[in-house]
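Everything below concerns the one structure shown next.
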Amino acid sequence: MIFNEEQSMLKDTARAFIEENAPVDNLRKLRAAPEGPAYDLELWQQLVELGIPAVALPEEYGGLGFGFMGLAAVLGETGRNLVATPLVSSVALAASLIKLVGTEEQKSRWLPALASGELTATVAVQEGRHYNPKSIETKWANGALSGSKTMVMDAQEAGLVLVIAKNASGALCVLALNSLEDVEQERYMLMDGRKFSDLHFRDLAGVEELGEGEQVASVEQALDIATIALAAEMIGGAESLLERTVYHLNEREQFDVKLATFQALQHRCAEMYCQLELARSAVLSAFTRLDQGRNIAKAASQAKALANECYQHISNEAVQMHGGMGITDELDIGLYLKRSRVCNQLFGDANFHRKRYALQIGI
Amino acid sequence: MIFNEEQSMLKDTARAFIEENAPVDNLRKLRAAPEGPAYDLELWQQLVELGIPAVALPEEYGGLGFGFMGLAAVLGETGRNLVATPLVSSVALAASLIKLVGTEEQKSRWLPALASGELTATVAVQEGRHYNPKSIETKWANGALSGSKTMVMDAQEAGLVLVIAKNASGALCVLALNSLEDVEQERYMLMDGRKFSDLHFRDLAGVEELGEGEQVASVEQALDIATIALAAEMIGGAESLLERTVYHLNEREQFDVKLATFQALQHRCAEMYCQLELARSAVLSAFTRLDQGRNIAKAASQAKALANECYQHISNEAVQMHGGMGITDELDIGLYLKRSRVCNQLFGDANFHRKRYALQIGI
Amino acid sequence: MSDLETFRAETRAWLEAHCPESQRQPILKREQIWGGRNRVFPSADAQAWFEAMADRGWTAPSWPKEYGGGGLSIEEAKVLQQEMARLKCRPPLYEIGIWMFGPALLAYGNEAQKQEHIPKIVKGEIRWAQGYSEPGAGSDLASLKTKAEDMGDHFLVNGTKIWTTNAHKADWIFCLVRTDPSAPKQQGISFLLIDMASEGVSVSPIELISGESEFCQTFFDNVKVPKENLVGELNKGWDVAKELLKHERTLMSSMESMSEKEDFSLLELAQQYLSLNSEGTIEDGEIRSRIAQLLMEMEAFEQLNERMFYQYKAKQVDQRLGMLLKHIGTKQLQRKDELILEVLGNKALSWTAPTANQQEHIVTRNWAFNKSHTIAGGTSEIQLNIIAKRALGMAS
Amino acid sequence: MSDLETFRAETRAWLEAHCPESQRQPILKREQIWGGRNRVFPSADAQAWFEAMADRGWTAPSWPKEYGGGGLSIEEAKVLQQEMARLKCRPPLYEIGIWMFGPALLAYGNEAQKQEHIPKIVKGEIRWAQGYSEPGAGSDLASLKTKAEDMGDHFLVNGTKIWTTNAHKADWIFCLVRTDPSAPKQQGISFLLIDMASEGVSVSPIELISGESEFCQTFFDNVKVPKENLVGELNKGWDVAKELLKHERTLMSSMESMSEKEDFSLLELAQQYLSLNSEGTIEDGEIRSRIAQLLMEMEAFEQLNERMFYQYKAKQVDQRLGMLLKHIGTKQLQRKDELILEVLGNKALSWTAPTANQQEHIVTRNWAFNKSHTIAGGTSEIQLNIIAKRALGMAS
């Protein structure tokens, strides 16, 4: 539920590094180049040198074994400054998927490379307008892969693309592509300034299968890990917004008094803080369960639903409380606002997770 | 959408009469006598003398022909002081049901008596925990009535009890009972201090049918009339609560300033007022449609759903803003709080009406 | 037939005769006709429709005929509005001069000013901008610092205005300026009309979170303004501003219906983007209820407006209700935008948008732009203060 | 095995041996054991369980052994709590002296006072009441008017206290009284212990909207109070009160779990009262989502408490989090009550209740009573002020 000493140090290191090297302006640069990379490759290399991709992986695969809680600490910091990285796509999701689903040979082949940062990977999950891994239609049958994926993160940068599909008997399985050469791709920028891809597979042959047989539970768990990783990033963003808003209200005077002295604004900020700490507690609890090897299906849905509502609410309030400047692109507030809406959709919106949580608790 | 001159005069008359003769303390007296009448019979006689039961009925049946908008004006006033009357059960519901469903002979027999106040009637609708006239199970077959009704208003006082049932072919029909002598009854007081009855019919024979044949649309319309009548009463209650709360905040000092000067409370009161006027507009619009002879199925659901949420929210806020005194029985605030929850359930809660509205607009 | 019914029949016939079929389609933003010296009509039909309406003064239906207005009574104007809605006629003119400035000038301007400016507004010949807010002042309008010094035969204006909507396209701007720096805040302010072509006026658009730049900063650097451009009395500009703000608030609350034609209905989008069950109802019970709830409240908002209209007609106006419109209307609009985003899922996230269609693209931009509605023209917080103090009489 | 694990094993064994089966059932309100001179045990089992716990000092597990407490470390106390929860042991003693007054007396009382009062609290021999609020003062506690005049050998107390919980059943009351009327508000207040049996003390219960009368008004009419009953320094009572309020806030936030045993779970009631489809899930999608949403937030509240516990253990306490508990906990409780009412439909409306079962009856009364939680012990508005100013550092 709290960071241990190692994890706290990692958090401090990450914060110091990001404050110094990755201001929010970095995102503006990435946004200004729609054809450019999805994240700052040089910055990522520096994070690799700090050992970040290895944090949560076990030592046997070249990891540092800090636990996922360590990764959560870093994600909170990238979220605070809207730093684009492949931490969710590659480190949280793809690495977990390989670890949970891959054969021993596959794990030895890919995990050390992911830990050392030589390789980044991504996972193609979503189909259709709303995230729902239960309704996947991409087919893996007779040695051929067919179907379409959307909202794939960091695909162009990835050396390995994992695709979640259904096999001939309708069970979830995972395919591994070392290249997207024969895959039809559309790459686009979303409102948060990040790049995503749609991938279309048409009877693609010569694809390697990750692991063997049915993988429903493992795939779901890997997706849950990515879900809480994203939630951790979102909490960082919401935290930063609340800090910026309180700072602004304490600075700005109107009608000859500080805006912060208006009780209506005080109460709304206090409510935001309550919401933030509740959501944060849920996220930290999910990571704790994960590191304890317990099931996180319910915890992931709880964490993501609360993080969604928290980030959405706080971003709306932040815009409003910054007044006219809040709706200009000059301030960073709008970047958080738009990032929160993209995060909402990635790995399921609040409605999806409320229903999934209800199912988990038996109602 | 607004009261005409006649209706405004009626409203002023009703307010003056009620302020003078029916303070909220009247309800306390009724509450103190669980076995006593459901409403103050003497007060009702005075309202009869003012012509209130005749307001909405057409002149051919001894009515005054002011339209239902006139009745709405009066209901707002009874709602303001929590006056218990058979206006909803008898004047809005039973009279409408007879008018819409009854044969010419039945209308001539009962409507003039209802208009003159000689007779009051009630309607037994609800079954089970949540109001839902679609799932009525009380059966009228082979000349016998069987089933159970709950939440019947003013049954002991009524000279005529109408029962909504399903006939052998499953269609809605209405039965008219001149007496409850052979009916098993349980009478009880709910949290609002009013008395309700459960009625159990076991193969009750010798019952008169109201009208002839299937009556689905007419029954639904009569229920919609009762629904908006109750909503009008609820708006009156919410209005009174908001006035009382603002008055209290303007009177009471804390930390050497008036409570009303706290901006957080100001904004919450302002939000309540917005909610109140929106709900009121919906209710008035429904009554206007009714008097224009237009369909009110959608309007009734809209009005009741908004009235429910409005009364519930304002009653909660009123308790909170009255502080410690708000939770004592000494103040009237708690009486409104409890009345609002009973009103919520009568003729359908907000969830029921949201779903019904959704259906009406085709989603 | 009553006079009003005759008027309705005639109006309907006239509209049917004069409004081309192409002008009865939902209007796209880029096809809106704004006033201006350099206006360009998007099509011959659009021009014909505009000119037919402007000739009758029906671009400003209830303004006096002597200044080119339609001269209609409030009831007739309502009938015209209803008939236009029935035929789905496009609004002939989008113009701040029509919505806000004109009514204020009619109330406070002198005869010469009205003769000079009002007819041009009706004919759409001049595009107006508003110069109220200043950088750093926020809701505290009266703290404005732009000053106009009396130089005998003219005022010399220096300062900066912000949120001047489309100032880069405007011909004239009406401004609040400080003419007596020693007077208390709300006094010492005057209402001045400035030709944007004057020397020393420059404009810089502000990029918004929606990617658009409808708002500008406008700089005045030793701008000479003739004295006859003062509206109302010297140092009494606040009165004119208040009159104008009344119209702005009414306008803001009707933004919803104005932009409706462009941003599609929540109901239709829900039917288009959500899974429906066999009876055509939305499968997901939660979002269905939330949509129904908002639509109910939006309908109640229309009913509130309708109630106010009937009150007005019956001369039984409840002044308090008008204070509610802006807050309720803008909040509903933003709730609607958020629900639409949710309904569209990842289809609502596009920015550069090769994967999104035009509808999805507009929806997204509107969502971002509409965040301004609870800030511009008096923040929601200011509205709530006003409601509490003036409508409810809470102590301050 | 670590010391803590040994302690856990021993505790578990001891509880299993000493907690009768009947004391492992959900407790009803009428079976709660409160302290008091005249207490009556509801059963022999209840008495045995109480006495076994009191003998070990486990009615106050972390208080010092020298005053009869359990002398446990914070970790051990947590283990005891966990093991009791595991076996579903009933709380042995409900007592304001345990929750609030004891900790404050341990911090501020002199040796004689601790010796006199603490052991009796642990043993449940004395029931305490709190005398803080006064009629008309609301959240402005420091405006209190009850005065204690120094008469040389004793104080003479006159005034009225309100919201004195169960004062009609209490043996002693701790009060804030004004000892220096000339000093500014928060100064000039002292903390005094008064025997309810003293001459001049009278009590009048207040009827609540729930029909219950747990709160009273307590009147002091020339009551003589010995000088040794002053806790802390003269005119420094505010410090003691603040210490005590800390415990009250923690207590209020845990009210939920305390009353849980009596008011049933939202989850179970939903399953019992709502239509389920064939897979056992709730048919109505809207209410299902709203229930899930609240349960998620309630779970997050537990997780927040857990986080604070681990912070405490690791000596990395974030002081701000404690300020959130009361507001969040009481608001969630009230939202839960409202949802339960909705789930039960007309079954939740009973008052005299021939048609309602006991469960429905309690649910309704709790709903009404629990409206007090956001008012008593520091209103939610005060909590939000504190959070804004102290946790977020907003200017005041």
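Quantities reported herein were computed from a predicted structural model and do not represent experimental measurements. The chains referred to below are lettered A, B, ... by the order of the sequence lines, with proteins before strands, and numbering in each begins at 1.
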*Determine whether B/Tyr188 and D/Leu349 make a side-chain contact, defined as any pair of heavy atoms from C-beta on separated by less than 4.5 Å.*
no
*Please round to the nearest 0.5 Å and tell me the distance separating atom CG of D/Leu208 and atom OG1 of B/Thr328.*
7.5 Å
*Please tell me if the side chains of D/Trp351 and B/Lys338 come closer than 4.5 Å, counting only heavy atoms from C-beta onward.*
yes
*Using a strict 4.0 Å threshold on nitrogen-to-oxygen distance, state whether D/Glu381 and B/Arg268 make a salt bridge.*
yes
*Any side-chain heavy-atom pair from D/Ile206 and B/Glu330 closer than 4.5 angstrom?*
no
*Top residue by heavy-atom pair count (under 4.5 Å) with chain B, among D/Ala142, D/Ser133, D/Gly136?*
D/Gly136
*Distance from B/Asp256 atom CG to D/Ser143 atom OG, nearest 0.5 Å?*
8.5 Å
*asked:* Less than 4.5 Å to any heavy atom of chain B: does that hold for the side chain of D/Ser380, its backbone, both, or neither?
replied: both
*Can you measure from CG (D/Asn370) to CD1 (B/Ile327) and round to the nearest 0.5 angstrom?*
10.0 Å
*Structural part of D/Glu207 lying under 4.5 Å from a heavy atom of chain B*: both
_Considering all heavy atoms, the nearest D/Leu341-B/Arg341 contact_ = CD2-CG, 4.0 Å
_Among the listed options B/Asp192, B/Asn351, B/Asn344, the residue most often paired with chain D at heavy-atom distances under 4.5 Å_ = B/Asn351
*Within a radius of less than 6.0 Å around CD of B/Glu137, do more than 12 heavy atoms belonging to other residues, nucleotides or ligands occur?*
no
*Side chain, backbone, both or neither: which part of B/Leu346 has an atom under 4.5 Å from a heavy atom of chain D?*
neither
_Looking only at heavy atoms and a cut-off of under 4.5 Å, which of B/Gly334, B/Gly323, B/Gly326, B/Pro34 has the most pairs with chain D?_
B/Gly323
*asked:* With a 4.5 Å cut-off on side-chain heavy atoms, are D/Ile375 and B/Gln320 touching?
replied: yes
*Is chain D contacted by the side chain of B/Asp349, its backbone, both, or neither, given a heavy-atom distance below 4.5 Å?*
side chain
*Where does D/Tyr273 contact chain B at under 4.5 Å (heavy atoms): side chain, backbone, both or neither?*
both
*asked:* Nearest 0.5 Å, please: how far is NZ in D/Lys347 from NE2 in B/His130?
replied: 11.0 Å
*Determine whether B/Phe352 and D/Asp284 make a side-chain contact, defined as any pair of heavy atoms from C-beta on separated by less than 4.5 Å.*
no
*asked:* A quick test of your reading: do over 12 heavy atoms of other residues, nucleotides or ligands sit less than 6.0 Å from NZ of B/Lys258?
replied: no
*For residues B/Asn316 and D/Glu338, is any side-chain donor paired with an opposing acceptor at under 3.5 Å?*
yes
*For the atom pair CZ (B/Phe255) and CG (D/Asn385), what is the distance rounded to the nearest 0.5 Å?*
8.0 Å
*Could you look at D/Leu344 and say if it's the side chain, the backbone, both or neither that has a heavy atom under 4.5 Å from chain B?*
backbone
